[in-house]
There are 2 protein chains.
Amino acid sequence: MKSNDKLESTIVDIARELRISPATVSRALNDHPKISHRTKERVREKALEMGYRRNKLASGLRNNRTYTIGMIVPRISMFFHAEVITIVQNLLHRQGYNLIICQSNDSRELEVDLASALYSSRVDGVLVASTLYTTDYSHFDVFVQKGIPLVFYDRVPVDFYPAQMVKGDEYRGGYLAGEHLAEAGCKNIAAIFGLLGCCLYKGRYAGFKAALKAHKLALKKDQVFFHELTHENALATLDKLFSSKPYPDGLFTANDTSALAVLEFARENKIRIPGDLKLIGYSNDPRAASVTPAITTVDQFPGEVARQLVAALNKLLDNRSKKIMEKPEALVTPVALIKRMTT
Amino acid sequence: MKSNDKLESTIVDIARELRISPATVSRALNDHPKISHRTKERVREKALEMGYRRNKLASGLRNNRTYTIGMIVPRISMFFHAEVITIVQNLLHRQGYNLIICQSNDSRELEVDLASALYSSRVDGVLVASTLYTTDYSHFDVFVQKGIPLVFYDRVPVDFYPAQMVKGDEYRGGYLAGEHLAEAGCKNIAAIFGLLGCCLYKGRYAGFKAALKAHKLALKKDQVFFHELTHENALATLDKLFSSKPYPDGLFTANDTSALAVLEFARENKIRIPGDLKLIGYSNDPRAASVTPAITTVDQFPGEVARQLVAALNKLLDNRSKKIMEKPEALVTPVALIKRMTT
DNA sequence: TTGAAAGCGGTACCAC
DNA sequence: GTGGTACCGCTTTCAA
């Protein structure tokens, strides 16, 4: 045993062993063009032998680059987000970036903490799908001010915020749903949305309303609900909706969790779907496909979102080193109606 | 504007503004007992005013502590893992730790990269549910050697590995499933497991076999299958299983994804469940509850796993500073049979 | 109660 | 092609 008492072997240790300078070792490990092939070989060999691993803290500190991207999502268990994360991670991994995934649990307080922690870790960029309750985005100001690439997606700021965005075509999604119900012959249509403070539901609601209007159908005030889209809330709303006639013959729920709840409610209350009630959900959650009857829903193409997200990030990362500030722009990703058995 | 040209404000900037030393600023920000209350106030105020944020890279480099824990899971989209992650994150957040979540996509190659990246980031500890294909765990040796807390859970090494473990009671889970089918009167029982290289299926298989044996039932060689538990694989196996009589009257699938596939196959092939075939899955995936008929399954108590995991980690983190090395030990978390409509 | 200064590990500028 | 060295931002002796 030589000097293995020390836990970490550093670039200096390698230099000492090889009787060369730390600078040379650093350059060799970074494949610097001006280092001789032989030296590189020797250094790499020794590094391996000594179990050397670059200390990212040190190099990040020196370089102002950590090759780490932070991502904040409301819940990793949501199908859409899990998909986006997976693809983003794979894409970034290829580029040599690491991804720090953080969950806000839909708590703005936690989101604030997470943003702060990511900044403290000096991530090179941040991807965010905010909580449903985030209306004040000032906890992200620090990234904007320091010129750290920041891209919002899915749940993006409703009011102007000086950052890049990738958003789904919520309006069109809502429109497609409304149109489909109308064309299926529904005359008395109801709908359940999330809170309109969130861009998602704002868009879906607007599109849905427009579609009904285009088909000369009204969306009556007491047939539209806005609340957090949980299983329980959906059941409560259905109780209300089916407490007095006339019952609706078409229902749009702005997520699939609620649509699943509808199925459950219908089964218990002998409401036939699609016979008595036609149903459309949103997100194309796999559960919507596996349930009986399979639920008609709107696909958000998480893969496409992920690709746009990484593309936008890359552009910002490039511009950053070139010190050019791009005007923030909103990219829109497609949606599509997936027709199944509930309509 | 004073010196706001510089993007980052550091402890030195604060010191200069306040005409005190950086050391004092550092101590004030860390709430050092010997700093006067007044100085602390002034520093904190100035820090806020200047938008100062501690640079974790620098403090981590200096302290050999990053207050960051790394976590490697096969897929965040799996219900069990999503649950564990969420609870682990919440627990660690309370303790002031950040969590880096990494996905191996069940690729050992990627797992190796991720382990290396986490070490490079000098995380204070690592939590791992390995890929199905990891049998060589040497990429984690670095953590063992440097005394960095390492805890495996769920998918743990089958052979001895010198690290702490938290594993589900797979044997008992398998036993409960077998016993339940036997007690339901099944005489011709089939089963689908994952590859036995993985501790999960090894345990579930052993328990299941033992239960059948205890009930004087045989598990025939051509009625047991071992393969990756995907939807497609399950359908293929079912084709085989139902290609010739006698058909099984009881089936255990070692995950819920496969059980869902069974439901789909049964529907298409007019097999009545539970009439013709009784079915048990594993994991208590929410989909198993929402489908019709709701699937009997085995709950793994992800919350309990998460708590044990964090407890084990904390113990190691404590011991580390005390420089005591604990003997690695395997903690076992409970499972429970959730009886529903398929049995 | 506070300050001066060394140093964590790696990189890059300036020499040679 | 290689070496010497200052420095990234923060913490922590040691000294006052």
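Within every chain, numbering begins at 1; the chains are lettered A, B, ... in the order of the sequence lines, protein sequences first and strands thereafter. No hydrogens, no waters, no symmetry mates; every other heavy atom, side chains included, goes into these values.
- Considering only side-chain atoms of B:N30, the nucleotide from C:dG10, D:dT11, D:dC10 that sits closest is D:dT11.
- Side-chain N/O atoms of B:N55 include none lying less than 4.0 angstrom from OP1 or OP2 on D:dC8.
- B:L57 has its CG atom 12 Å from the C1' atom of C:dG10, to the nearest Å.
- Between A:S26 and C:dG9, a side-chain N or O to OP1/OP2 separation shorter than 4.0 Å is absent.
- Between B:N63 and D:dT12, a side-chain N or O to OP1/OP2 separation shorter than 4.0 Å is present.
- A:S77 and B:E83 form no side-chain donor-acceptor contact under 3.5 Å, judged by distance and modelled atom types alone.
- Evaluated for a side chain to side chain contact (heavy atoms under 4.5 Å, CB included) with B:I101, the options A:I101, A:I85, A:L99, A:I100 yield exactly one hit, A:I101.
- Protein atom NE2 of A:H32 is 10 Å distant from nucleotide atom P of D:dT2, rounded to whole Å.
- B:D136 and B:S138 form a side-chain donor-acceptor contact under 3.5 Å, judged by distance and modelled atom types alone.
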Tabulate atom names and distances for all N/O pairs under 3.5 angstrom spanning the protein and nucleotides 3-7 of chain C.
{"residue": "C:dG3", "atom": "OP2", "partner": "B:S21", "partner atom": "N", "Å": "2.9"}
{"residue": "C:dG3", "atom": "OP2", "partner": "B:S21", "partner atom": "OG", "Å": "3.2"}
{"residue": "C:dG3", "atom": "OP2", "partner": "B:T24", "partner atom": "OG1", "Å": "2.4"}
{"residue": "C:dG3", "atom": "N7", "partner": "B:R27", "partner atom": "NH2", "Å": "2.7"}
{"residue": "C:dG3", "atom": "O6", "partner": "B:R27", "partner atom": "NH1", "Å": "3.2"}
{"residue": "C:dG3", "atom": "O6", "partner": "B:R27", "partner atom": "NH2", "Å": "3.2"}
{"residue": "C:dG7", "atom": "N2", "partner": "B:R62", "partner atom": "NH1", "Å": "3.0"}

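- Proximity of A:R65 to the phosphate of C:dT11: no side-chain N or O atom is located under 4.0 Å from OP1 or OP2.
- In this entry the distance linking OH of A:Y67 with P of C:dG10 reads 16 Å, nearest Å.
- Neither OP1 nor OP2 of D:dC10 sits under 4.0 Å from any side-chain N or O of B:S59.
- Ring pair A:Y137/A:F152 is perpendicular by interplanar angle, where above 60° counts as perpendicular and below 30° as parallel.
- A:K34 has its NZ atom 12 Å from the C1' atom of C:dC14, to the nearest Å.
- Separating the CZ atom of A:R16 from the C1' atom of C:dG9 is a distance of 13 Å, rounded to the nearest angstrom.
- OP1 or OP2 of C:dT2 lies within a sub-4.0 Å distance of a side-chain N or O belonging to B:T39.
- Partner of A:L92 under the side chain to side chain contact (heavy atoms under 4.5 Å, CB included) criterion, chosen from A:I87, A:N98, A:V310, A:T68: A:V310.
- In terms of phosphate contacts, B:R122 brings no side-chain nitrogen or oxygen within less than 4.0 Å of OP1 or OP2 of C:dC8.
- Per the geometry, CG belonging to B:L29 stands 13 Å off P belonging to C:dT2, to the nearest Å.
- For A:R155 and A:Y153, the positive end is not near the middle of the six-membered ring at less than 6.0 Å and at most 45° from its axis.
- The distance from atom CZ of A:R42 to atom P of D:dG1 is 15 Å, rounded to the nearest whole Å.
- Separating the CD1 atom of A:I11 from the C1' atom of D:dG4 is a distance of 15 Å, rounded to the nearest angstrom.
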Inset, instruction - Step by step, work out the side chain to side chain contact (heavy atoms under 4.5 Å, CB included) result for A:I72 and A:L127. - result: CA-CA 6 Å; A:I72 301 180; A:L127 308 175; over 6 Å; no
